[in-house]
Amino acid sequence: MSDSSGEKCPVDHTTRSEWGSKVSSGDASTCNEVSSTAVAPSSLSTSREKSSIPRTAFDNWVYPSEAQFFTAMARKHHDPRASDMSVIVPIHNAVNERAWAAVKGWENGRGGERCGGAKLVSFKGRPRDRSPKAWAKVFLGYTAPFDRHDWVVDRCGVRMRYIIDFYTGRMDPSGPHNPSFYIDARPALDSWEGFRMRAERVWEQWAGRLWGPSVKVPSSNSKDVD
């Protein structure tokens with residue numbers, strides 16, 4: 001599939017299989033580069049949902065359809081079931097929306113509003129590259145994330161890389177078969193701006209515990225070199 005505006009979904013094809021194992025008996029792959037030899041059942045929807053995640057000033061990223069998910073899984077010989085697509089696709093979309101909401105929580109008040117808000121310009125799946133924070137949490141006895149994405153956000157010309165670790169959440173006793181996810185999104189520590197944003201967040205959290213929720217650290221809108 002072409003890389004024209006709005007023709008990709010914000011999950012790298014190298015990590016889609018990680019998601020399929022969490023919500024399906026099959027395995028998930030990519031909404032791009034689908035083989036013409038794989039054919040989805042006619043019962044699957046070909047409609048695609050536009051995300052709330054801006055790609056440019058005029059367009060948003062678009063999620064794959066049920067048929068595209070099925071075809072991509074079949075192309076990689078993951079034996080997909082058509083009945084699973086109605087579960088996989090909404091979960092895939094909802095989790096990406098939650099990840100973007102977490103990123104926007106970091107970006108709010110940082111100056112992106114001057115040019116229409118922050119935009120997701122690129123993404124990369126890195127499920128086998130565990131972040132230092134994830135390593136530390138595993139060392140402390142926590143479960144390792146099952147997936148990792150790196151999202152690059154444009155803030156009026158300033159590029160910020162975000163690390164997003166995806167964890168399996170706690171099982172809901174009322175719905176034990178419904179998957180649950182926990183998302184840990186934060187700026188990467190590869191720029192002064194990333195260090196500053198993380199330090200401000202830590203200060204706000206600790207100061208809030210000591211002196212109350214009204215304590216806030218003013219954010220800076222200066223542009224730092226990545």
Side-chain angles (χ1 to χ4, degrees), residues 10-25 27-30 53 78 88 91-92 94-108 110 118 120 122-153 155 158-213 215-217 219-220 224-226:
V11 175
D12 189 272
H13 72 275
T14 59
T15 65
R16 194 65 55 81
S17 60
E18 303 296 332
W19 291 92
S21 66
K22 300 298 177 184
V23 298
S24 168
S25 61
D27 209 359
S29 182
T30 179
I53 307 174
H78 292 309
I88 293 176
I91 290 176
H92 163 273
V95 172
N96 276 279
E97 293 294 325
R98 285 174 53 190
W100 180 244
V103 170
K104 288 201 301 182
W106 285 96
E107 285 293 316
N108 286 342
R110 301 268 168 191
L120 176 63
S122 66
F123 55 88
K124 184 182 175 86
R126 302 176 62 185
R128 294 171 179 80
D129 296 334
R130 194 172 294 172
S131 66
K133 184 176 181 180
W135 276 114
K137 294 181 76 169
V138 170
F139 179 77
L140 293 174
Y142 291 91
T143 303
F146 68 86
D147 197 6
R148 167 188 170 177
H149 298 167
D150 284 16
W151 288 9
V152 176
V153 170
R155 183 203 303 159
V158 176
R159 296 291 176 96
M160 288 295 304
R161 182 169 66 93
Y162 281 85
I163 298 173
I164 306 174
D165 286 325
F166 296 87
Y167 295 85
T168 302
R170 295 178 180 177
M171 184 177 64
D172 183 358
S174 63
H177 300 294
N178 297 328
S180 175
F181 301 102
Y182 167 71
I183 297 171
D184 183 8
R186 68 277 184 193
L189 298 177
D190 57 1
S191 68
W192 169 243
E193 177 70 355
F195 272 102
R196 179 169 56 193
M197 291 172 68
R198 297 271 288 269
E200 287 177 357
R201 178 65 64 90
V202 171
W203 169 252
E204 288 178 4
Q205 291 173 343
W206 282 99
R209 293 192 185 106
L210 292 174
W211 294 294
V215 176
K216 284 286 184 179
V217 177
S219 62
S220 172
D224 294 287
V225 178
D226 289 350

Any idea which heavy atoms bring Met197 and Trp106 closest together, and the distance? O-CZ3, 3.4 Å
Nearest heavy-atom approach of Met160 to Pro187 is CE-CB, 4.0 Å
Salt-bridge contact Glu193-Arg196 (side-chain N to carboxylate O under 4.0 Å): yes
Passes side chain to side chain contact (heavy atoms under 4.5 Å, CB included), Val158 versus Arg110? Steps please. CA-CA 11 Å; Val158 176; Arg110 301 268 168 191; over 6 Å; no
Scanning both residues in full, the closest heavy-atom pair of Trp100 with Ala118 reads CZ2-O, 3.6 Å
His149 and side-chain contact (heavy atoms from CB on, under 4.5 Å): which partner among Phe166, Tyr162, Phe123? Phe166
Measuring from Asn96:CG to Trp151:CH2, what's the distance to the nearest 0.5 Å? 5.0 Å
Between Tyr167 and Thr143, which heavy-atom pair has the shortest distance, and what is it? CE2-O, 3.2 Å
Test of understanding: with salt bridge (charged side-chain N to carboxylate O under 4.0 Å, His left out), list the residues that count as partners of Asp165, not counting sequence neighbours. Arg186
Judged by atom type as modelled, is there a donor-acceptor pair below 3.5 Å linking the side chain of Arg98 to the main-chain atoms of Phe181? yes
Please report the interatomic distance NZ(Lys124) to CG(Asp150), rounded to the nearest 0.5 Å. 8.5 Å
Value rounded to 0.5 Å, distance of CZ in Arg159 from OG in Ser191: 13.5 Å
Of all the heavy-atom pairs spanning Ala99 and Ile183, show the shortest one and how long it is. N-CD1, 3.7 Å
So which atom in Arg161 and which in Ile163 form the shortest heavy-atom distance, rounded to 0.1 Å? NH1-CG1, 3.9 Å
